[in-house]
Every structure is written in structure tokens, then in C-alpha cells.
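Just below is one structure, and these are the notes that go with it.
Quick note on labels: first sequence line is chain A, next is B, and so on, each numbered from 1. What you see is a predicted model, and the numbers here were worked out from it, not measured in a lab.
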Amino acid sequence: MNKHIIIVEHNKTNVLKSTYCAISAAQTLSKDISALVLAKDETLCKSLTKELSKYVNQVLYICNKDFENPMSQSYAEGISYVVDKFKYNYVWGGSSSFIKETMPRVSARLENAAMISDIQKVINEDTFERPMWAGDIIATIKIKSTIKLITIRPTDFQDKLSCVEDSRSESIPCELQQHTTNFISFDEIKSERPPLSEASVVVSGGRGLKDPDTFKKLIFPLADTLSAAVGASRAICDADWVPNDWQVGQTGKVVAPDLYFAIGISGAIQHVAGIRGSKTIIAINKDAEAPIFQVSDYGIIGDALEILPELTNKIKVLLK
Amino acid sequence: MKILVTVKRVADYEARLKVDNDKKFIDLDNLNMISNPFDEIGVEAALQIKEKNGGEVIVVSIGEKDAQQNIRTALAMGADRGILILNDNKEDFLNTDYTSKILLNIIQKESPDLVIMGKQSIDTDNHQTAEYLSELMNVGNASQANTITISENKKAVKVIKEVDGGLETIELDLPCVISTDLRLNEPRYASLPGIMKAKRKPLNTISASDFKISADSKVCISDIRLQAGRVAGSILKNVDELLGKIGPQIKSL
């Protein structure tokens, strides 16, 4: 019998959306799912457990001071301890910077285990689909190991979750080894806007917006009007116009909103890799030859400096 | 300081890819190949550390014979010597375990103070090897590095990482494994004198089978296809036309 466990990520208050997406993926194979919570104190463990108990049959949790901040070595140790002790053979995680940093370590710790990253579809219990070569290729992958570690692209698993009748929880005592990696600080980019990977509207800007001030002057009002997330091309992140966290693309964030606005973005292949799942792509660019027009559903060839204020105002009227 | 960096030979991201006849890989015929951009950033990071602290930079690649070119480029940038492990078995394309165990073998012989790798290679987009390797080495890892600062006593390193929602700073004892992100640095171009010098720098070639490590890939491509492209939509004249098309969608949000 297969045993599934979800690695839970949280922000010290709530479970992250990407974890729910991982539960959704696991539920395509089984309705009997466990979740593993790692946190510093019992109160937090219990409240996260309560949150999860609606959707998973069992929540295991480890409280340890080493889990105050997510650190790959100690988390990998705790996760592999539980997987091995309770003989889970499917380990799921919602792809995120932390899961990417940690899950392969878990895989290395377990016997007869292998990991597949960033799946977009579950075909069956040993077959999955994932993008490769910046999404130019869709590969069907078979995993033959006894223990399968699977990270999922949250934007591809947005289905409603099945609820469970009842759920039990268990505290797992676990002694961790001392590790020589220390957390120093986290510089959070606080925003009132929805997270990029979850927003139903994304307004992204690129080099065509000339400079950081123009970017803000044109993109922010449109994003505010639409309650959208703000994204960016790699070029302007490299140029320090905006935080790196705003980068959309193959090596940045993958987004799949209902509406994606690409403003002054040429549409390089690596950017497109991050927006393919969008329902409707709208491109505004001065350059008629820009590759973005090959993938956009609607495009306007013109100057964003003129078009955006008009677009923003008319949308405001529309939404009144 | 001894720094080991890895460089992978990958398909150029600008190349138009085709699927091979047996639909299990891309068609490599006449395909332009480059060094994985994240690995070039890794080479640059290693060179900057060497320039500041002294030492040696070793470049390791696992791949076909032509990967020698990619190693030579790193040597031309300023790395000191190269090691090529010959393996072009497509079955191992997603075999993180095999790649990591080969690298572990080299690392056990070389005892570097620091291992720097690209966070992902742009063909597999796997983002596993640096982390997997760090666990085999039983050392710390820092993924997606934005800034690397070696401590005064050269026994630790401070890394600022690009994480979801911001930047996280951690400190790790050496040796450890760091994977690079885009904004860590801008790799230098190899100079002409550098290219000439590189020809005489040592480049050892070993066969992967010499390592006596079981390949036995557990992750296999059973089928690949080209992603269906989005069909180009329509070009509209102005904002009014655009809102005519997407207005209802906006109102329903």
C-alpha cells in the first residue's frame, strides 16, 4: 500500500498555498494523505495541524528549536527521519525556494529514493509530466525508485481539495544533530499585493519602460486598479529597478493568472517559460517584431507611456 | 583556498529544438551548445574568491568529449585545471544520484574548501545536484546565492540567498556547497592571453565507468514532445479594442 506524506511549508502563522497545491496533487493518487509539520513551538504546530486537518487524514509534527527558521540540513534530517520511521514511499512538496534547497537532501538521505522536480501533471503512480529546456519540451518521466520524492508546480495544481471525515495528529519526538549552518537574517519584501504565483491578474514590466520611475508610474496604478501582482522581466531585475523576487520566468517565478499583462517586455524564451499557463496574455510593446506577440492573445503595438494611463483610466471606469 | 566548480555543456537556449526520432530526447544534430549560464556565474564567483584569497580553481565537467571546450573556456577565464568525466549516456540525463556520486569521488580526492555549482542546468531545469551532493558530503548548502562573502579566517562563508519573498542571509562552515543565482555576478569574457594560456593548463579526462559507481538511473524519460506553442493572437489598434475583448474577463474577476 502506498503511503503519502506532504512536507508542509508555513510562514509561522499559516500553511502556504503551495502546500495545499501539493495536497491537491497527492489527492490525485490517494485520498489517504499525511502531512508533516516542522516548527519551533507546540502552539504553532497545533494551529497548523488544525488548519490541515480538514484535508489530510493525519498530521505528524516535530517541534524543535532548530526549526525556528527553515534550514535545509536540519529539515532534511527531520523529514527523512519521519519518512523512514513510518515507511512513507511518496514525499510531496510544493515547489518553492526552500523546497528546492531541501528536498534533494532528503532524497540523498533515503535508501532507494529518487526525486522529480516541478511536475505539472500526475499521469499515474510512477509517471509524471514536467517541462524541460525552459518549457520548450514536455517530458513524460517514469520513476522506478521505491521512495518517490515529488515537487509540484503550484500553478498546475489549483483544483479544489477533497475534505476528510476525520483527522488525527501525532507529535514525533526527534533529536537533531548539530549543524554548522546558521540563520542570520531575512530581508522580507513586504507587499500589499497578492503573491505572484497566486494572483489572478499579473502586470509585468520590462526594459521598454525606460527607467525605474517610469516603471512605477505606469505599472503600479494599473496593478492597483486590477488588484494585481507586479512582475518583471529578468533585464530590469538585473538592472536593479525592482526586487529580484519579482522576476517572472524559467528561473524566476512561474505564474498562471487569468490575465497576464506584458508591458515593454520583448518576450525572450526564458520569460515565456514562466507565463505559458496564463489564460490570457496581453502584450504592449513598441516593437512590432517583439517575440511576445507570438504568444500573446491580444497585443497593441505602441508606446506604453501613452497606452498605459489610458488603459488604467478606462479600466477604472469599467469597474465602477 | 581550493574551489571546485562544475560546468555543464548544454543546448543553447536560443536554439530551435527538435524531438529525436525515438521521442526520448532532443535531436542533438547541429545543435549549438554552450556552457550552462549558471555554471559560468559559478566560475566567475570562484575566480573572484581566488583573486581575493589566493588558491586554486578546479573545473569539473561530466559529459561528452566536446565538453572539453567548455572546460577550456573556464580555464581561459582564469581557472587552474580541469577534469572531464566522459559520460554521454542519455539514460543518465536525470540521474542526480550518479552525477553527485561521481562528483563526490572527485571531491574526496581533491578536498576543496568550497564547491560552487549552478543552481540548475537549463536543459533539465532540475535544481537538485548541488543540494544532493551537499548531503552526500555531509556539509551545509546554500542555494540560489546572490552574494558570497568568505570570512576573515577563511573557515566560514556568509551567503545571501534569493528566496521567495526576499533575501535570506545564512552563514555556513567550510567546506560547503553553494549554488549560484543570476545576480551573483556577471561572468568575465576570456581574454586572448587567457585563451592562449588555457591551452597549456592541465585537463584530465577520465571515463565515468572507471569510477565503478552504479548508474542504474531511477528517473527516466519515457517520452518527450515539443510544448504546443501558444498561437499568436490578434493585434489590436487601441485600448478601446482591447477592452472590448478583455472587458468581460476583468469585470468577472
### Query
Is the count of non-hydrogen atoms from other residues, nucleotides or ligands lying under 6.0 Å from B:Asn30 atom CG greater than 12?
no

### Note, A:Phe98 side chain near B:Val163 side chain (heavy atom, < 4.5 Å)
no

### Summary
Cut-off 4.5 Å, heavy atoms of chain B, and the answer for A:Ser296 is backbone

### Task
Would you give the length of the straight line joining atom CD of A:Gln270 to atom CD1 of B:Ile122, rounded to the nearest 0.5 angstrom?
7.0 Å

### Message
Among B:Leu172, B:Leu136, B:Asp223, which residue has the highest count of heavy-atom pairs closer than 4.5 Å to chain A?
### Response
B:Asp223

### Task
Kindly compute the distance separating CG (B:Leu167) from CG (A:Asp245), expressed to the nearest 0.5 Å.
8.0 Å

### Query
Given a strict heavy-atom distance threshold of 4.5 Å, which part of B:Lys119 is in contact with chain A: side chain, backbone, both, or neither?
side chain

### Query
Taking NZ, NE, NH1 and NH2 as the nitrogens, is one of them in A:Glu129 or B:Arg225 under 4.0 Å from a carboxylate oxygen of the other?
yes

### Query
If you round to the nearest 0.5 Å, how far is CD of B:Gln120 from CG of A:Asp118?
8.0 Å

### Query
Is there a side-chain contact between B:Leu182 and A:Arg234, using heavy atoms and a 4.5 Å cut-off?
yes

### Query
If you round to the nearest 0.5 Å, how far is CZ of A:Arg276 from CD of B:Gln227?
4.5 Å

### Query
So, the side chain of A:Thr140 versus the backbone of B:Ser222: is there a donor-acceptor pair under 3.5 Å, distance only?
no

### Summary
Interface check, chain A: of B:Ser179, B:Gly165, B:Ala130, B:Gly247, most non-hydrogen pairs under 4.5 Å belong to B:Gly165

### Engaged part of A:Val201 at the chain B interface, taking heavy atoms whose separation is under 4.5 Å
side chain

### Task
Name the option with the most non-hydrogen atom pairs under 4.5 Å to chain B; the candidates are A:Gly135, A:Ser200, A:Pro243.
A:Gly135

### Trace of the side chain to side chain donor-acceptor pair (under 3.5 Å) decision for B:Gln128 with A:Ser107
CA-CA 9 Å; B:Gln128 290 181 25; A:Ser107 182; 5.7 Å; no

### Query
Mind checking whether B:Val219 and A:Met115 have side chains closer than 4.5 Å, heavy atoms only?
no

### Interface moiety of B:Thr96 toward chain A, non-hydrogen atoms closer than 4.5 Å
neither

### Query
CG of B:Leu253 to OG of A:Ser227: how many Å apart, nearest 0.5 Å?
8.5 Å

### Task
Please examine the side chains of B:Gln249 and A:Asp258, heavy atoms only from C-beta on, and report whether any two atoms are closer than 4.5 Å.
yes

## Note on the structure
Of A:Glu310, A:His179, A:Met71, the largest count of non-hydrogen pairs under 4.5 angstrom with chain B goes to A:Glu310

### Message
Between B:Leu133 and chain A, with a heavy-atom cut-off of 4.5 Å, which part of the residue counts as in contact: side chain, backbone, both or neither?
### Response
neither

### Carboxylate-amine/guanidinium contact B:Glu131 A:Lys100, below 4.0 Å
no

### Query
Side chains of B:Tyr132 and A:Arg109: does their closest heavy-atom pair fall under 4.5 Å?
no

### Message
Only pairs of heavy atoms separated by less than 4.5 Å count here; which of B:Ile170, B:Asp164, B:Asp173 has the most with chain A?
### Response
B:Asp164

### Task
Examine distances only and state if a side-chain atom of B:Glu162 and a backbone atom of A:Asn244 form a donor-acceptor pair shorter than 3.5 Å.
no

### Task
Give the member of A:Ile300, A:Asn69, A:Thr127, A:Ile143 that has the highest number of heavy-atom pairs under 4.5 Å with chain B.
A:Ile300

#### Entry: B:Phe25 and A:Trp133 aromatic ring geometry - parallel, tilted or perpendicular at 30°/60° bounds
perpendicular

### Task
Can you tell which part of A:Ile282 gets under 4.5 Å to a heavy atom of chain B, answering side chain, backbone, both or neither?
side chain

### Message
Can you confirm whether B:Tyr189 is buried at OH, in the sense that more than 12 heavy atoms of other residues, nucleotides or ligands lie under 6.0 Å from that atom?
### Response
no

#### Entry: Atom group of A:Met103 that falls short of 4.5 Å from chain B, counting heavy atoms
neither

### Task
For salt bridge (charged side-chain N to carboxylate O under 4.0 Å, His left out), just list the numbers for B:Lys245 and A:Asp297, CA-CA rounded to whole Å, side-chain angles, deciding distance to a tenth of an Å, and then say yes or no.
CA-CA 10 Å; B:Lys245 301 282 185 192; A:Asp297 297 286; over 6 Å; no

### Query
Between the side chain of B:Arg183 and the main-chain N/O of A:Ala239, is any donor-acceptor distance below 3.5 Å?
no

### Query
If you tally heavy-atom pairs under 4.5 Å against chain B, which of A:Thr251, A:Leu319, A:Ile269 wins?
A:Thr251

### Query
If you tally heavy-atom pairs under 4.5 Å against chain B, which of A:Ala139, A:Ala114, A:Ser145, A:Ser185 wins?
A:Ser185

### Under 4.5 Å from any heavy atom of chain B - which part of A:Lys253
side chain

### Query
If you draw a 6.0 Å radius around NZ in A:Lys142, do more than 12 non-hydrogen atoms from other residues or ligands fall strictly inside?
yes

### Message
Please identify, among B:Val139, B:Val231, B:Asn95, the residue contributing the most non-hydrogen atom pairs under 4.5 Å to chain A.
### Response
B:Val139

### Message
So which residue, A:Pro195, A:Ala268, A:Cys237, A:Ser197, ends up with the most heavy-atom pairs under 4.5 Å with chain B?
### Response
A:Cys237

#### Entry: chain A contact via B:Ile160 - side chain, backbone, both or neither, heavy atoms under 4.5 Å
neither

### Proximity breakdown for A:Ile275 and chain B, heavy-atom pairs closer than 4.5 Å
backbone

### Task
Please determine, among B:Ile26, B:Leu242, B:Asp216, the option with the most heavy-atom pairs under 4.5 Å with chain A.
B:Ile26

### Task
Name the member of B:Glu186, B:Lys158, B:Lys24, B:Lys161 that forms the most heavy-atom pairs with chain A at distances under 4.5 Å.
B:Lys161

### Query
Counting only heavy atoms not in B:Gln48, do more than 12 fall under 6.0 Å of its CD?
yes

### Query
Do the side chains of A:Asp136 and B:Tyr13 get nearer than 4.5 Å, heavy atoms only?
no

### Message
Would A:Gln73 and B:Asn141 count as a side chain to side chain donor-acceptor pair (under 3.5 Å) here? Give the steps.
### Response
CA-CA 8 Å; A:Gln73 233 175 337; B:Asn141 71 306; over 6 Å; no

### Query
Side chains of A:Ile281 and B:Arg230: closer than 4.5 Å at any heavy-atom pair?
yes

### Spatial distance of atom NZ (B:Lys155) from atom OG1 (A:Thr180) [nearest 0.5 Å]
13.5 Å

### Task
Please answer whether the main-chain N or O of B:Thr124 pairs with a side-chain N or O of A:Arg130 as donor and acceptor at a distance below 3.5 Å.
yes

#### Entry: Side-chain heavy atoms of B:Leu94 within contact of A:Ile141, under 4.5 Å
yes

